[in-house]
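Notes follow once the structure below has been shown.
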Amino acid sequence: MNNKKEIARYHLPGLFEFYELYCVFLPLFYGHREYFYEWCDIGSIYGAPGDCIWGGGRVGFGEYIPDKAFSLLRKYGISARLTFSNSLLTKEHLSDRKCNALCEMLNKGEPRNGVIIYSDLLLGYLKNKYPGLYFVSSTTKVLTDFGQFENELNRDDFLYVVPEFRLNKAFDKLITLSQPQKNKVEFLCNECCYIGCKDRKTCYENVSRKSLGEDCPDHICTAPGGGEGYRFSKAMENPAFIGTEDIQGIYLPMGFSDFKIEGRGLGSALMLEFLLYYMTKPEYRLKVREEIYLDSMLDLW
């Protein structure tokens, strides 16, 4: 593993959702490193199959057989993460066979695999039953207060903590963190949500209800631009956006090394744009795009 202070590690979306895309991209990334920034690497790929009641954050729609997805990541030494950030779980949900089977598959072997989690109830259950897993505190907790975020960093339960995106530029406070604390921070880079949104927690709870199979209406976003859907160009204009120049010029020198890219609920074509922007040298972006687009197994739309 490269020194955390020297390398940016990306945590990428779509473990199940973008399996076909990664089947083409990962051989390119590891076989032609000259195409990609030498200062970055892949730390993990996260996601959840459809119909996982422990799922949260975004409604899961991944359809690929877990064995294939996990085998692909093991081939390249990449950590797999299950997005099990449902905020409304009760004891009766802990016995779910599908979610337990997925954890059992990831509990052993190298590299070590993890779970992105919200519920302390689920956390206690998984710690006892699957001790080989590590845990990531989910951004769906919406901890907008820096003190709450720092308390989360100090919990031994978590190897990483993803802060609320509105804390991304709190440099006067981020600089005061100790290096062990900084080593646990995983910034969400490309959030498109309105910086002043007050319904973010409600939105996540709606997804949790849907994952549990509850018959409830969709959450209607009333924030400015909420009806436009995700646009990368819009995310880049967000005051909390973290771009490649920010990573190189600010975050890495400050001692931060881990960066999360959102997008598992988006299409493969947009996901490819994230991979091109965050990881690919400008002079090779067309070449990588052509390699991906011309692969006959992919349907990028």
Side-chain angles (χ1 to χ4, degrees), residues 4 9 11 13 46 54-58 81 83-89 114-124 126-127 134-209 219 221-226 230 234-243 246-247 250-262:
K4 289 176 70 68
R9 295 188 298 177
H11 303 273
Y46 66 92
W54 294 355
R58 296 289 181 269
R81 291 182 180 177
T83 307
F84 284 165
S85 53
N86 196 304
S87 62
L88 302 176
L89 298 177
V115 175
I116 303 170
I117 200 164
Y118 179 110
S119 167
D120 279 346
L121 175 68
L122 181 60
L123 174 65
L126 295 180
K127 283 176 62 178
Y134 68 84
F135 301 99
V136 181
S137 178
S138 175
T139 190
T140 60
K141 294 180 180 180
V142 193
L143 302 179
T144 56
D145 177 77
F146 196 88
Q148 291 179 319
F149 166 58
E150 190 167 6
N151 288 339
E152 198 78 354
L153 287 174
N154 291 334
R155 292 180 62 178
D156 293 334
D157 297 318
F158 300 118
L159 190 61
Y160 295 98
V161 176
V162 184
E164 165 69 9
F165 77 108
R166 283 169 280 203
L167 297 180
N168 283 358
K169 302 295 178 70
F171 296 124
D172 59 329
K173 297 177 181 178
L174 290 168
I175 195 66
T176 66
L177 296 177
S178 67
Q179 191 58 52
Q181 289 175 316
K182 291 178 180 179
N183 291 344
K184 295 176 69 172
V185 179
E186 184 179 310
F187 291 101
L188 180 59
C189 294
N190 60 328
E191 179 57 67
C192 192
C193 284
Y194 173 56
I195 194 78
C197 178
K198 297 181 179 179
D199 295 328
R200 192 166 169 82
K201 200 174 185 76
T202 301
C203 179
Y204 285 135
E205 287 180 356
N206 182 260
V207 174
S208 292
R209 294 186 187 282
H219 172 76
C221 181
T222 59
Y230 187 97
K234 179 181 173 184
M236 288 180 168
E237 296 172 355
N238 193 308
F241 178 74
I242 298 177
D246 299 316
I247 292 172
I250 301 174
Y251 292 91
L252 287 178
M254 285 179 67
F256 297 103
S257 298
D258 291 273
F259 303 90
K260 181 176 182 177
I261 309 300
E262 77 162 36

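Because the structure is a prediction, the values reported are computed rather than measured.
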Check: Under the 3.5 angstrom rule, does the side chain of Gln179 hit a backbone N or O of Gly255 as a donor-acceptor pair?
Finding: yes

Notebook entry, point to check: Among Val136, Thr140, Thr139, which one satisfies side chain to side chain contact (heavy atoms under 4.5 Å, CB included) with Ser85?
Noted result: Thr140

Item checked: Set of residues satisfying salt bridge (charged side-chain N to carboxylate O under 4.0 Å, His left out) with respect to Glu152, sequence neighbours excluded -> Lys141, Arg155

Check: Pick from Asn168, Asn190, Ile261: which one makes a side chain to side chain contact (heavy atoms under 4.5 Å, CB included) with Ile242?
Finding: Asn168

Next item on the list: Keeping to residues at least two apart or across chains, list the ring-ring contact (aromatic ring centres under 6.0 Å, His included) pairs with something in residues 171-193.
Entry: Phe171-Tyr251, Phe187-Tyr251, Phe187-Phe256

Notebook entry, point to check: Which pair of non-hydrogen atoms, one from Val115 and one from Leu126, has the smallest distance, and what is that distance?
Noted result: CG1-CD1, 4.1 Å

Checklist line | Nearest-0.5 Å distance, SG of residue Cys189 to NE2 of residue His11 | finding: 9.5 Å

Margin query: Using every non-hydrogen atom in the two residues, find where Leu177 and Val185 come nearest and quote the distance to one decimal.
Written below: CD1-CG2, 4.2 Å

Next item on the list: Check whether any side-chain heavy atom of Leu174 sits under 4.5 Å from a side-chain heavy atom of Gln181, and report yes or no.
Entry: no

Item checked: Residue pair Asp145 / Gly147: nearest heavy atoms and the distance that separates them -> OD2-N, 3.0 Å

Margin query: Give me the atom names and distance for the closest heavy-atom approach of Lys127 to Asp157.
Written below: NZ-OD1, 2.7 Å

Note to self: Let's go through Asp172 and Phe146 carefully: what are the C-alpha distance in whole Å and the side-chain angles of both, what is the deciding distance for side-chain contact (heavy atoms from CB on, under 4.5 Å) to 0.1 Å, and is it a yes or a no?
What the structure shows: CA-CA 11 Å; Asp172 59 329; Phe146 196 88; over 6 Å; no

Note to self: I'd like to know if the side chain of Lys169 reaches the main chain of Phe241, judged simply by a donor and an acceptor atom lying under 3.5 Å from each other, with no hydrogens or angles considered.
What the structure shows: yes

Checklist line | Heavy-atom donor-acceptor pair, Asn238 side chain to Lys234 backbone, under 3.5 Å | finding: no

Check: Can you check whether Leu167 reaches Thr144 side chain to side chain, under 4.5 Å on heavy atoms?
Finding: no

Next item on the list: Would you check, one step at a time, whether the test side-chain contact (heavy atoms from CB on, under 4.5 Å) holds for Phe158 with Ile117?
Entry: CA-CA 9 Å; Phe158 300 118; Ile117 200 164; 3.7 Å; yes

Checklist line | For the student: nearest non-hydrogen atoms of Leu143 and Glu164, plus distance | finding: O-CB, 3.6 Å

Item checked: Distance, nearest 0.5 Å, that separates CG of Asn183 from CG of Leu159 -> 9.5 Å

Notebook entry, point to check: Atom CE of Met254 and atom CD1 of Ile247: how far apart are they, to the nearest 0.5 Å?
Noted result: 13.5 Å

Notebook entry, point to check: For the atom pair CG (Leu89) and CG (Asp120), what is the distance rounded to the nearest 0.5 Å?
Noted result: 11.5 Å

Notebook entry, point to check: Hey, mind stepping through Phe149 and Val161 against side-chain contact (heavy atoms from CB on, under 4.5 Å) and telling me if it holds?
Noted result: CA-CA 8 Å; Phe149 166 58; Val161 176; 3.7 Å; yes

Notebook entry, point to check: Can you tell me how far OH of Tyr160 sits from CZ of Arg81, rounded to the nearest 0.5 angstrom?
Noted result: 6.0 Å

Note to self: Distance check, rounded to the nearest 0.5 Å: Asn86 atom CG versus Ser138 atom OG?
What the structure shows: 10.5 Å

Check: Are any non-hydrogen side-chain atoms of Phe165 and Glu262 less than 4.5 angstrom apart?
Finding: no

Item checked: Closest contact, heavy atoms only, Gly55 versus Phe84 -> N-CD2, 4.1 Å

Next item on the list: Using modelled atom types only, decide if a donor and an acceptor are shared between the side chain of Lys260 and the backbone of Glu186 within a distance under 3.5 Å.
Entry: no

Notebook entry, point to check: Looking at side-chain heavy atoms only, is the closest gap between Gln148 and Val142 below 4.5 Å?
Noted result: no

